[in-house]
Amino acid sequence: MFVLMTVGRRIPQNTAEYARWLAGEISRRYRETWFARDTTMFVAMALEGYADLLDSREAAKLTFTVTAIDDCGHSSVIAAANNVEIAWAAYSAAMPKQTHGRLLLHQSARIIAQHPPEAGQKLLEA
């Protein structure tokens, strides 16, 4: 099933992009007669979480992933690809933005690169 967006673009339902679009629409079109404000916020947050779940399922199918790990140990996949050059490009673009925590580029369980590097770790060049 597809949904026609306001700009005429169709996106399939049950995708992360659709869940994020729907969360934005619910927040944007909020009316007191539909839901309480707290309920609207909760529904939008739940849809964002569902979108993240769909993203992680899709990323698990790809060979190379770039993962950001914050100081509390929570991780999130910020890029995934089947091509190592694309994964390196995403990792390189994310490094300047990763000021806290760690950034990992890995192929399945094998860590290819880590930012900041651990003590004694040899830096790999792309």
Side-chain angles (χ1 to χ4, degrees):
M1 171 123 197
F2 286 87
V3 173
L4 185 61
M5 296 175 65
T6 56
V7 293
R9 191 169 142 237
R10 295 170 54 133
I11 56 172
Q13 289 184 344
N14 205 25
T15 63
E17 183 181 1
Y18 175 74
R20 287 192 178 92
W21 172 80
L22 189 57
E25 287 296 301
I26 289 172
S27 296
R28 189 176 64 80
R29 295 181 181 191
Y30 165 75
R31 288 183 176 65
E32 289 285 338
T33 56
W34 292 351
F35 301 113
R37 187 68 172 153
D38 292 344
T39 303
T40 302
M41 184 177 67
F42 175 75
V43 169
M45 288 171 49
L47 284 168
E48 285 289 334
Y50 181 60
D52 290 343
L53 173 69
L54 291 173
D55 279 344
S56 66
R57 284 184 183 169
E58 186 65 28
K61 296 176 188 175
L62 300 173
T63 307
F64 300 96
T65 56
V66 179
T67 306
I69 303 171
D70 65 15
D71 293 330
C72 297
H74 298 110
S75 66
S76 62
V77 174
I78 58 173
N82 276 329
N83 183 305
V84 70
E85 288 86 9
I86 294 172
W88 267 109
Y91 175 78
S92 299
M95 277 196 322
K97 297 176 177 111
Q98 188 70 20
T99 57
H100 294 61
R102 293 182 301 153
L103 190 65
L104 300 174
L105 169 61
H106 46 92
Q107 177 183 19
S108 300
R110 178 178 158 240
I111 296 175
I112 298 172
Q114 177 175 307
H115 176 76
E118 291 181 347
Q121 181 183 13
K122 181 181 176 184
L123 295 175
L124 298 175
E125 295 297 322

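Contact between Thr67 and His106 at its shortest, heavy atoms only, is OG1-NE2, 2.9 Å. His115 and Met95 get closest at one heavy-atom pair: NE2-O, 3.8 Å. The two residues Ala81 and Ala87 come nearest to each other via the heavy atoms CB-N, 4.3 Å. Between Ile78 and Ala94, the shortest heavy-atom distance links the atoms CD1-CB, 3.6 Å. Minimum heavy-atom separation, Trp88 to Ile112: CZ2-CG2, 3.7 Å. The two residues Gln98 and Ala68 make their nearest non-hydrogen contact at OE1-CB, 3.8 Å.
The closest donor-acceptor contact from the side chain of Asp71 to the backbone of Gly101 lies under 3.5 Å.
Annotation: the span from Leu103 atom CG to Ser75 atom OG amounts to 12.0 Å, rounded to 0.5 Å. Taking OG from Ser76 and CG from Asp70, the interatomic distance works out to 7.5 Å, rounded to the nearest 0.5 Å. Interatomic distance, Arg110 CZ to Leu105 CG, rounded to the nearest 0.5 Å: 9.0 Å.
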If you apply the rule side-chain contact (heavy atoms from CB on, under 4.5 Å), what do you find for Val66 with Leu104, and how did you get there? CA-CA 6 Å; Val66 179; Leu104 300 174; over 6 Å; no
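For Asn82, the side chain to side chain contact (heavy atoms under 4.5 Å, CB included) partners are Leu62, Thr63, not counting sequence neighbours.
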